[in-house]
Amino acid sequence: MINQTKTQLFEVFKKFDKDGNGYVESNELIEISRQMNEEITQEDVDRLMKVVDTNGDAKISFEEFWDWWQFGKNDKLEKLVFMKLKLMNMLKSINSEFTRFGVSLEQKYDPKLDRHYWAINYGDFQSHFKFDIKFRYKGSGVQEDIQQEVGFQQSQSLQIVFIFRSMKPPLAREKLEQLWNEYKQKLKEKQDQILLPIIENSLNIQFQDRKDSVAIAINVSHPLIDMTFQSGYLPYCEKLGQDVEIFAKYLFGIKNGITKLMRKDQIFIKFLLEGFIMEFKSDFNSDLSKKLAGVILASLGQQFAQKIAQQKGRKFQKEFLWPMLFKSSKFHLQFKNMEDVNQFLKAMGLEELAEDQPTARQLIDEIKADYQFQSIKNPQSDFHFIYRLFLILAEHFIAQGTININIPFAYLNIAFNLEGLKEVFDAVFDHDKQKQQKAN
């Protein structure tokens, strides 16, 4: 982590070093300050040089710059570094290594947002099974964010974008598109009066193959959804204002992948205890609670709002204003790696309980007994389309990708890594048994 910080600071140093001679002189500090609209006097620069230029040669080498970053103090230079990191999109979130002397630079120099970070993880590992969920709302719009996330232009209504990784994207896209066209044709033959009108009148679907993935964009335009946006959602967005920003991120990851879970004797609780992480981060405007309260009161009507203020004023203030007490928070609980799960469970008195737990394959067998999954393998079934979709996904795709749900001013992004999901699919539809019978 220290090496990563040093590398990123070296990139900032090179930006300060305008003439590229390997040093930062006082005139370059003044120039970079002016470019970022920061006032700095010659007296400020002289004071800064005394602190950072330790050998007194009237110029700052990178090693002197790095030593200052670790041990020195000068708020003028620190703020310049922060602003440059931000412009270069190199700043991390609140749990970043860009925290000097226990203080987050973002909190110190960009205080308009409240930041919170809570996490708990068991062991130090890379997750092989994970969901990474991000939500962003921006009063100024999220068009650029969506374009960057999914590569499609944002629609004016509801948009859902699936991106799945594939070894052969053109072939995988062709198979999906062919299946979709066959499904629509089957609905026409049946003269379907429910799904077919929705598909033809409300959905615009685009298939796109990319370098290592296939993207499917579904643009939904339905009178009911459009009316909800126009009469309900968009007026609230306008009242909140363009400066409102909300960002939330939730990560859930497990050390082991699905392949290990599907082993014959793998007990789920032991699979989980070998390593997991849960992480939550959020950024939002410091006055968000006040703005939300104002919008809600305005929507209730003046007379009703006055009644609430008179009868339940204190309770209302507690419910809406208590989040404003917390400018930032950080909580991270980390346990060391689990070397022997059986020994741990025995020490906790849970060994017998764990041994009585079913394996993943036993759980799947119980679910199969309750639901008739095998019926959708019948070509005459109304749900055979779903089975064929699973077959295409299992054969032509890797279980990694993202799902984006986009609406005006906001989007939800769900990134997932479910490698080994094909083994679950094979177990549910008895493909593994069929393969075994053929082998015998």
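Counting from 1, the numbers follow the sequence of the chain as shown.
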Exercise. Considering residues at least two apart in sequence or located in another chain, which fulfil the ring-ring contact (aromatic ring centres under 6.0 Å, His included) criterion with F10?
Worked result: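 Result, ring-ring contact (aromatic ring centres under 6.0 Å, His included) vs F10: F62.
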For this session: Output all residues satisfying side chain to side chain contact (heavy atoms under 4.5 Å, CB included) with R165, sequence neighbours left out; order by chain, then residue number.
Result: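 For R165 the side chain to side chain contact (heavy atoms under 4.5 Å, CB included) partners, ignoring immediate neighbours, are D212, I398, Q400.
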Exercise. Should E149 and K134 count as an ion pair when the cut-off is N to O under 4.0 Å?
Worked result: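 Result for this pair is yes, salt bridge flagged.
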Exercise. Is any NZ, NE, NH1 or NH2 atom of the basic residue among K14 and D17 found under 4.0 Å from an Asp or Glu carboxylate oxygen of the other?
Worked result: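 Salt bridge flag = no for D17 with K14.
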For this session: Could you check whether the rings of F409 and Y137 sit parallel, tilted or perpendicular, using 30° and 60° as the cut-offs?
Result: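 Answer is tilted, since the angle falls between 30° and 60°.
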For this session: Name the orientation class of the two ring planes belonging to W118 and F280 (parallel below 30°, tilted from 30 to 60°, perpendicular beyond 60°).
Result: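 Taking F280 first and then W118, their aromatic rings lie parallel (interplane angle under 30°).
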Check the surroundings of atom [atom1] in [X]: do more than 12 heavy atoms from other residues, nucleotides or ligands lie under 6.0 Å from it?
{"X": "Q147", "atom1": "CD", "result": "yes"}
{"X": "E144", "atom1": "CD", "result": "no"}
{"X": "Y411", "atom1": "OH", "result": "yes"}

Distance-only donor-acceptor hits, side chain of residues 223-235, under 3.5 Å, sequence neighbours excluded:
{"residue": "D226", "atom": "OD1", "partner": "S157", "partner atom": "OG", "Å": "3.1"}
{"residue": "D226", "atom": "OD2", "partner": "S221", "partner atom": "OG", "Å": "3.4"}
{"residue": "T228", "atom": "OG1", "partner": "L224", "partner atom": "O", "Å": "2.8"}
{"residue": "S231", "atom": "OG", "partner": "M227", "partner atom": "O", "Å": "2.6"}
{"residue": "Y233", "atom": "OH", "partner": "P408", "partner atom": "O", "Å": "2.6"}

Exercise. Taking the six-membered ring of Y236 as reference, does the NZ or CZ atom of K239 fall below 6.0 Å from its centre and within a 45° cone about the axis?
Worked result: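 Yes, K239 lies over the aromatic ring of Y236.
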Problem set entry | F383-Y387 aromatic ring centre distance below 6.0 Å |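 Not under 6.0 Å, so no.
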